[in-house]
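One structure is given below, encoded as structure tokens.
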2 protein chains.
Amino acid sequence: MIEIVEAQRHFQVGDQIVHALNGLSLEVAAGEYVSIMGPSGSGKSTLLNVIGLLDRLSAGTYRLRGEDVTRLPDPVLAALRRQTIGFVFQFFHLIPRLSAAENIELPLTLAGIPAEERSRRVEQVLTAYGLTDRARHRPDQLSGGQRQRVAIARATVTQPQVLLADEPTGNLDRHAGREVMELLEHLHRGGLTLLLVTHDPELAARANRRIYLVDGKIERDEHRRRV
Amino acid sequence: MIEIVEAQRHFQVGDQIVHALNGLSLEVAAGEYVSIMGPSGSGKSTLLNVIGLLDRLSAGTYRLRGEDVTRLPDPVLAALRRQTIGFVFQFFHLIPRLSAAENIELPLTLAGIPAEERSRRVEQVLTAYGLTDRARHRPDQLSGGQRQRVAIARATVTQPQVLLADEPTGNLDRHAGREVMELLEHLHRGGLTLLLVTHDPELAARANRRIYLVDGKIERDEHRRRV
Ligand SMILES: Nc1ncnc2c1ncn2[C@@H]1O[C@H](COP(=O)(O)OP(=O)(O)OP(=O)(O)O)[C@@H](O)[C@H]1O
Ligand SMILES: Nc1ncnc2c1ncn2[C@@H]1O[C@H](COP(=O)(O)OP(=O)(O)OP(=O)(O)O)[C@@H](O)[C@H]1O
Ligand SMILES: [Mg+2]
Ligand SMILES: [Mg+2]
């Protein structure tokens, strides 16, 4: 599903070069459930952005479902991303002028889903994430955890093949965080490939496979043993 | 230091009224170390914003150091806030066009601190929070946890009397989170009044006093017993 070989991604700030990804190789099969941990600044968001076709590598290769996407033109990447990937951003990136429900509906509209089906799906995720009585609120009228849940609802409503979640419970209390994880794991059991960046070791432990990043490389890659 | 009596804060969205604070009373003495937990949407950020003079009550009273501040005019509140309070926002509110160092320096400039002293203090917090080689980066060139640390550095660099921190470790790995807590607790031992909103029960347990919010009210208020 996801195959990254010798990835490099550097950024330049003034005369300083930051090697955010520094020789990272990773294979993820369809349907896997992977958690990604590592120190602040170790490259987790950068890795997720590359996988999610939101950023390009400086060097190395990225194959998505067998197709080399490393140097595809932007419009092609955008179309591929919309069809395949759901992304929960570390800082949500909700559209300020749209309500929670409109934010969630937007990717469905862009995908050409008809109005009745859109409406059904939006209702369903609003209920699932406990947002029904916040549907009309704009992001600035929501609490931090409510915004986070809107971001997660938006990422899952298109029924993507791959879900990339960058710290999806960072602003949620223990109870809401667990509810979110159960919803995502339910989708995973239905076939979703799930990659989750988290700083919470208890959450990371729920995945079948745990990856640790340090300084833009994979330091450790643990698979849970089946008994 | 902080005295809130029968606080009400409601918001109106269309014809819906949200009671974010709903009869909340709280007293915090100078030098206390208090953690605040509660479900997503229970009113924690709203409470912190009211205490931090960033928001006003709809009803009830707020006394800060014995002075009734409930209905002070905006410019007076702003001056009082700058002199007394450091605020770490749940979503940082860094200034996009300024570098990390400039963001941290800004409150010192507004306070009329001379250039040499500003420069010394900025250097000191950059080092303390592990940001020295990110000083020139703008917020969009920083990782989530690096931005969070810039927000904390900015809130502490003015040496405030009260620090209000809204989930200050939500984007930090365990190690960086612990380092931040040690720095804040060091300031507390020096006399700082410290109020910390967190979803992490282990962090909340470090405080001398633990408050639990539910539906805009204080449900529980536990003081650690001295042995
Ligand atoms: N646009 C950019 N320009 C310059 N440097 C960048 C840029 N984006 C990220 N970086 C740097 O690249 C490194 C990796 O960033 P990244 O956001 O991937 O870290 P992270 O592992 O997600 O950290 P966190 O846990 O704090 O969110 C960081 O040191 C960061 O300063
Ligand atoms: N500007 C606003 N307009 C309307 N409703 C608001 C506004 N700000 C907050 N609210 C509502 O008030 C309630 C309390 O919000 P608050 O941000 O204080 O919650 P919180 O406890 O900080 O939650 P979280 O843990 O998710 O950050 C929420 O239900 C939220 O939807
Ligand atoms: Mg990140
Ligand atoms: Mg909040």
Side-chain angles (χ1 to χ4, degrees), chain A residues 11-18 20 37-46 48 89-92 94 99-100 129-131 133-149 166-167 169-177 179-180 197-202 204 212-214, chain B residues 11-18 20 37-46 48 89-92 94 99-100 129-131 133-149 166-167 169-177 179-180 197-202 204 212-214:
Chain A
F11 295 102
Q12 182 136 12
V13 179
D15 52 5
Q16 181 194 8
I17 298 188
V18 178
M37 291 186 85
S40 173
S42 56
K44 306 178 296 297
S45 296
T46 303
L48 233 58
F89 297 93
Q90 191 167 0
F91 299 110
F92 321 151
L94 301 179
S99 71
Y129 290 98
L131 294 166
D133 47 359
R134 292 290 179 273
R136 294 225 180 103
H137 287 228
R138 291 186 320 269
D140 65 318
Q141 297 170 320
L142 294 173
S143 80
Q146 290 165 349
R147 284 178 216 171
Q148 189 153 42
R149 281 177 274 155
D166 201 342
E167 316 224 20
T169 62
N171 286 284
L172 297 177
D173 59 272
R174 188 156 266 196
H175 176 70
E179 287 191 337
V180 160
V197 168
T198 181
H199 281 310
D200 185 338
E202 283 188 33
Y212 296 82
L213 248 65
V214 176
Chain B
F11 295 104
Q12 184 135 14
V13 179
D15 54 4
Q16 180 193 11
I17 298 186
V18 178
M37 293 187 81
S40 172
S42 55
K44 305 179 296 297
S45 295
T46 303
L48 234 59
F89 297 93
Q90 190 168 359
F91 299 110
F92 319 153
L94 300 179
S99 70
Y129 291 99
L131 294 165
D133 47 359
R134 292 290 179 275
R136 294 225 179 103
H137 288 228
R138 290 185 322 266
D140 66 320
Q141 296 170 319
L142 293 173
S143 81
Q146 289 163 351
R147 284 178 217 171
Q148 188 152 45
R149 280 177 274 157
D166 200 342
E167 315 223 20
T169 62
N171 286 283
L172 298 177
D173 58 274
R174 190 155 265 201
H175 176 70
E179 287 191 335
V180 159
V197 168
T198 181
H199 281 308
D200 185 340
E202 281 187 34
Y212 297 83
L213 248 66
V214 176

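Just so it is clear: chains get the letters A, B, ... in the order the sequence lines come, proteins before strands, and each one is counted from 1. Excluded from the calculations below are hydrogen atoms, water molecules and symmetry mates; all remaining heavy atoms, backbone and side chain alike, are included.
Chosen from B:Glu167, B:Met37, B:His137, the residue pairing most often with chain A at heavy-atom distances under 4.5 Å is B:His137. Here A:Arg174 is the residue among A:Arg136, A:Arg174, A:Lys44, A:Gln148 with the most heavy-atom pairs under 4.5 Å with chain B. The most heavy-atom pairs under 4.5 Å with chain B, out of A:Pro201, A:Gly144, A:Gly170, A:Gly177, come from A:Gly144. Of the listed residues (A:Ser42, A:Ala176, A:Pro39), the one with the most heavy-atom contacts under 4.5 Å to chain B is A:Pro39.
Side-chain contact between B:Arg149 and A:Ser40 is present, with at least one heavy-atom pair separated by less than 4.5 Å. Two residues are said to be in side-chain contact when any heavy atoms from C-beta on lie closer than 4.5 Å; A:Gln141 and B:Val18 fail this criterion. For the pair A:Arg134 and B:Val13, the minimum side-chain heavy-atom distance is 4.5 Å or more.
Heavy-atom distances place no part of A:Arg138 under 4.5 Å from chain B, backbone and side chain included. In this structure, the portions of A:Gln146 lying under 4.5 Å from any heavy atom of chain B include both its backbone and its side chain. Contact of A:Phe11 with chain B is not made at all, since no heavy-atom distance falls under 4.5 Å.
Between the side chain of B:Gln16 and the backbone N or O of A:Asp133, at least one donor-acceptor pair lies under 3.5 Å. Judged purely by atom type and a 3.5 angstrom limit, B:Asp173 has no side-chain atom pairing as donor or acceptor with the backbone of A:His199.
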